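What you are looking at is a predicted structure, and each value in this text was computed from that prediction instead of being measured.
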Amino acid sequence: MAERGSGSIINITASLASQPQANVPALLAVLIKGGIDQATRALALELAPKGVRVNAIAPGVIDTPMHDPATHEFLKTMSPMKRIGNVAQIVDAALYLADAEFTSGVVLPIDGGATAGRW
């Protein structure tokens with residue numbers, strides 16, 4: 001990408017890393033995904049002169065097979081919108097970031113407002 005002078009890197013992190021919640025164990029998310037958040041920003045600065053953009057998507061709770069349907073009611077309480085996101089919303093964010101030619105260094109939360117603050 002750097003040799004071509006253009007490109008887009010999109011990392012996947014977790015919104016929980018930037019806004020931990022008392023009712024959910026968050027230490028590993030903060031350690032691992034928080035590092036990805038900061039690496040995204042650092043790499044965005046490093047690669048900007050070479051025309052490469054670096055961003056990240058930070059999903060909240062997304063309806064995937066990873067979550068047992070029996071936990072969905074609890075999981076809905078983890079966002080102010082009181083619902084679970086879906087995979088298509090993550091895809092939409094990735095498509096946006098891939099095309100956003102003047103956007104770099106962004107960690108985009110797709111989490112129903114969970115990272116906006118305390119609710």
Exercise. Under 4.5 Å between side-chain heavy atoms, hopping through other hydrophobics if needed: is there a path connecting Leu97 to Ile90?
Worked result: yes
Problem set entry | NZ on Lys76 to CE on Met81, rounded to 0.5 Å | 13.5 Å
Problem set entry | Verify same cluster id: Ile36, Leu28 (apolar side-chain graph, 4.5 Å) | no
For this session: Please answer whether the main-chain N or O of Pro59 pairs with a side-chain N or O of Asp111 as donor and acceptor at a distance below 3.5 Å.
Result: no
Problem set entry | Cluster overlap Ile9 with Ile12, hydrophobic side-chain contacts below 4.5 Å | no
Exercise. Has Phe74 got more than 12 heavy atoms of other residues, nucleotides or ligands less than 6.0 Å from its CZ?
Worked result: yes
Exercise. Between Asn55 and Leu108, is any pair of side-chain heavy atoms under 4.5 Å apart?
Worked result: no
Problem set entry | Interatomic distance, Lys33 atom NZ to Asn11 atom CG [nearest 0.5 angstrom] | 9.0 Å
Exercise. Taking a hydrophobic cluster as the set of Ile, Leu, Val, Met, Phe, Trp and Tyr residues connected by side-chain heavy atoms closer than 4.5 Å, whether directly or through intermediates, do Leu95 and Ile62 fall within one such cluster?
Worked result: yes
Problem set entry | Note, Ile84 side chain near His72 side chain (heavy atom, < 4.5 Å) | yes
Exercise. If you take all heavy atoms of Ala58 and Ala14, which pair is closest and at what distance?
Worked result: CB-C, 3.8 Å
Exercise. If you take all heavy atoms of Pro80 and Ala114, which pair is closest and at what distance?
Worked result: CD-N, 3.5 Å
For this session: Return yes if some donor-acceptor pair links the side-chain N/O of Ser6 with the main-chain N/O of Gly51 below 3.5 Å, else return no.
Result: no
Exercise. Is the number of heavy atoms from other residues, nucleotides or ligands under 6.0 Å of Lys82 NZ greater than 12?
Worked result: yes
Exercise. Which atoms form the tightest heavy-atom contact between Ala98 and Ser8, and what is the distance?
Worked result: CA-OG, 3.9 Å
For this session: State which residue, out of Val107, Thr115, Val30, Thr13, fulfils the side chain to side chain contact (heavy atoms under 4.5 Å, CB included) condition with Ser18.
Result: Thr115
For this session: For the pair Gln89 (side chain) and Asn86 (backbone), establish whether a donor and an acceptor sit closer than 3.5 Å, ignoring hydrogens and angles.
Result: yes
Exercise. What are the two closest heavy atoms between Ala29 and Ala17, and how far apart are they?
Worked result: O-CB, 3.4 Å
Exercise. Does Ile10 share a hydrophobic cluster with Leu43, counting links as ILVMFWY side-chain heavy atoms below 4.5 Å and allowing steps through other members?
Worked result: no
Exercise. Of all heavy-atom pairs between Ile110 and Ala93, which one has the smallest distance, and what is that distance?
Worked result: CD1-CB, 3.7 Å
Exercise. Is Arg53 reaching over with its side chain to a backbone N or O of Ala100, donor-acceptor style, under 3.5 angstrom?
Worked result: yes
Seminar exercise, completed: Note: Leu16 and Pro25 closest approach over all heavy atoms is CD2-O, 4.0 Å
